[in-house]
Amino acid sequence: MSYDVVILGLGYVGLPLAQQAIRAGMSVLGFDIDETVVRSLGDGRSHVDDLSDTDVEKMLAGGFQPTSDETLIRQARTAVICVPTPLAEGDGPDLRAVLGATSAIGRNLRPGMLVVLESTTYPGTTDEEVRPRLEQLSGLTAGIDFHLAFSPERIDPGNEVYGAHNTPKVVGGYTPACTDRAEAFYGRFVETVVRTRSTREAETAKLLENTYRHVNIALVNEMARFCHELDIDLWDVIHAASTKPFGFQAFYPGPGVGGHCIPIDPNYLSHNVRSKLGYPFRFVELAQEINTTMPAYVARRAQNLLNADGHAVRGATVLLLGITYKANIADQRESPAAPLARHLAALGATVAYHDPHVTTWELDGVPVSRTDDLHGAAAAADLVILVQNHREYDPDQLARLAKRFFDTRGVTTVGEAHRL
């Protein structure tokens, strides 16, 4: 048995990639060290938002083979690494999963194979960390005996317009021939493939994309603070500025940034600049400072709203609506709801939540009270905070029901609501 590709890491990045490859008629092996994930997928059950159980069943019917047996890697012509790279101590990426996947490939690498790293990391990782390990374990030489490339993932969970097929794919190879091979591979199931000069440019392109968003979100988050003090409606300001047909792109404030990309990836670049060049990447570090303090700012605003009505935050019931990092999905990675809840609890509030996508929620090992009665809980709470605006919510109706309603997403239109 041989496979067109083995995808290592069957999460939010790897599984949609596997689905698209299957749709293109490719034979796909899915490798993961988590036996629970492998068994679940083998039984036709999905664990990511963008794929349903039916999607996984169709993948299995199309030949998708989930496994935890690394020896099967040698049967694939291409190996793609899609494992997580969380922050480690010092704000650099934790490469343990990447190096573990690299080692699994290295032990099974055959001449002629293509190896692609998709996991977001700092510039130089492919050449300085992945390549030497592959060469040492296999005895083969990159660019001569096997091909090596980096292609940043661009998965946007919950995006109903852009997916793996129609989102342009950036590829950068260790050699031009490696880039050729990676371009040919992705060209089989992605509409547009964009080449870079090398792996480093491809790695940096991903970090630039997310740093751009990180900095601009920080800009409007800082504006939200002083606009509130100056009695300026920032949401109206953004709407007005957005009418300019050139030179402006709208970004919006919020209770903090979440997901794997925005709160984490720019730090890889900042860490790389500091460690290799010895000076700070000031834009990134300032943006990180602003965005990470937003949950504390929202908690203070919540306290002020209660105080204005003569109600102490200590002992008050605060209901959080939507605790995921993005609307209409179940993904809680780096969600600002968690630090917000911690700040509120530290002030003495009793925190509860409602989220149609999350049935249980724990903070530091302690379960947070969940309500199924949205309208009843909104009316009973001393303060309701809209943290994430899921499609299941009618914010104006909830604002009318609530004693106090704090809208951190700028979606309400009624006078009963207080907006960020």
Side-chain angles (χ1 to χ4, degrees), residues 1-32 37-38 40-67 72-83 101 105 108-110 112-120 146-173 177-196 199 202 205-206:
M1 178 66 181
S2 65
Y3 298 92
D4 290 310
V5 59
V6 55
I7 296 173
L8 292 88
L10 300 175
Y12 282 89
V13 175
L15 206 55
L17 185 70
Q19 180 192 41
Q20 198 56 51
I22 287 286
R23 285 174 173 172
M26 300 171 71
S27 53
V28 181
L29 178 70
F31 175 83
D32 204 292
V37 168
V38 171
S40 178
L41 291 172
D43 291 336
R45 297 194 305 273
S46 174
H47 60 286
V48 302
D49 287 295
D50 287 345
L51 276 74
S52 65
D53 291 350
T54 301
D55 290 326
V56 174
E57 290 169 359
K58 289 180 180 178
M59 290 171 63
L60 294 171
F64 177 59
Q65 178 63 51
T67 186
L72 296 179
I73 293 173
R74 70 188 60 171
Q75 299 178 15
R77 288 182 281 276
T78 295
V80 182
I81 301 172
C82 299
V83 297
I105 296 170
N108 296 281
L109 191 61
R110 293 182 297 103
M113 283 181 68
L114 165 67
V115 179
V116 183
L117 176 62
E118 286 206 6
S119 304
T120 305
F146 69 94
H147 300 282
L148 177 64
F150 181 83
S151 180
E153 60 88 3
R154 280 175 163 174
I155 297 296
D156 185 19
N159 192 320
E160 298 177 356
V161 177
Y162 290 103
H165 176 62
N166 62 350
T167 300
K169 202 80 173 78
V170 172
V171 298
C178 292
T179 305
D180 290 342
R181 177 69 181 275
E183 181 181 24
F185 166 71
Y186 284 110
R188 294 180 63 180
F189 58 94
V190 179
E191 287 181 352
T192 305
V193 179
V194 181
R195 298 170 62 105
T196 62
T199 57
K206 170 65 173 179

| field | Closest non-hydrogen atom pair between A24 and F189, with its separation | value | CB-CB, 3.6 Å
| request: List in chain and number order the residues that pass side-chain contact (heavy atoms from CB on, under 4.5 Å) with A164, two or more places apart in sequence or in another chain; answer none if no residue qualifies. | output: Q20
| field | All pairs passing salt bridge (charged side-chain N to carboxylate O under 4.0 Å, His left out) where residues 6-19 contributes a residue, at least two apart | value | none
| note | So CG of L72 and CG of L29: to nearest 0.5 Å the spacing works out to 5.5 Å
| query | So, the side chain of K169 versus the backbone of P152: is there a donor-acceptor pair under 3.5 Å, distance only? | reply | yes
| task | Compare all side-chain heavy atoms of Q19 with those of D55 and state whether any distance is below 4.5 angstrom. | result | yes
| said: Donor-acceptor pair, distance only, cut-off 3.5 Å: does the side chain of R154 make one with the backbone of P168? | reply: yes
| request: Enter the distance from I155:CD1 to T167:OG1 here, rounded to the nearest 0.5 Å. | output: 7.0 Å
| field | Rounded distance [0.5 Å steps], CG in L41 versus CG in L60 | value | 7.5 Å
| task | Identify the two heavy atoms, one from A101 and one from I81, that lie closest to each other, and give their separation to 0.1 Å. | result | CB-CG2, 3.9 Å
| field | Any donor-acceptor pair under 3.5 Å from T179 side chain to G173 backbone | value | yes
| Heavy-atom side-chain contact between C82 and L17 under 4.5 Å | yes
| Do the non-hydrogen side-chain atoms of V37 and H47 ever get within less than 4.5 Å of each other? | yes
| message | Less than 4.5 Å apart, side chain to side chain, heavy atoms only: is that true for R45 and V56? | response | no
| task | Quick one: list whatever passes salt bridge (charged side-chain N to carboxylate O under 4.0 Å, His left out) with R74, sequence neighbours left out. | result | none
Please tabulate, for side-chain N and O atoms in residues 1-16, each donor-acceptor pair with protein atoms closer than 3.5 Å (sequence neighbours left out).
| from | atom 1 | to | atom 2 | distance (Å) |
| --- | --- | --- | --- | --- |
| D4 | OD1 | R77 | NH2 | 2.5 |
| D4 | OD2 | S27 | N | 2.8 |
| D4 | OD2 | S27 | OG | 3.2 |
| Y12 | OH | D49 | OD2 | 3.2 |

| Is the backbone N or O of G112 less than 3.5 Å from a side-chain atom of R181, with the two atoms forming a donor-acceptor pair by type? | yes
| task | Sequence neighbours left out, what passes ring-ring contact (aromatic ring centres under 6.0 Å, His included) with F64? Give chain and number order. | result | none
| said: What I'd like to find out is whether the side chain of V171 reaches to under 4.5 Å of the side chain of F185, using heavy atoms alone. | reply: no
| request: Could you grab the distance from atom NZ of K58 to atom OG of S52, nearest 0.5 Å is fine? | output: 7.5 Å
| field | All side-chain hydrogen bond (donor to acceptor under 3.5 Å, both in side chains) counterparts of E183, not counting sequence neighbours | value | R195
| task | Taking all non-hydrogen atoms of both residues into account, name the closest pair between V170 and S151 and its distance. | result | O-OG, 2.6 Å
| Is there side-chain contact between M59 and L51, with at least one heavy-atom pair below 4.5 Å? | yes
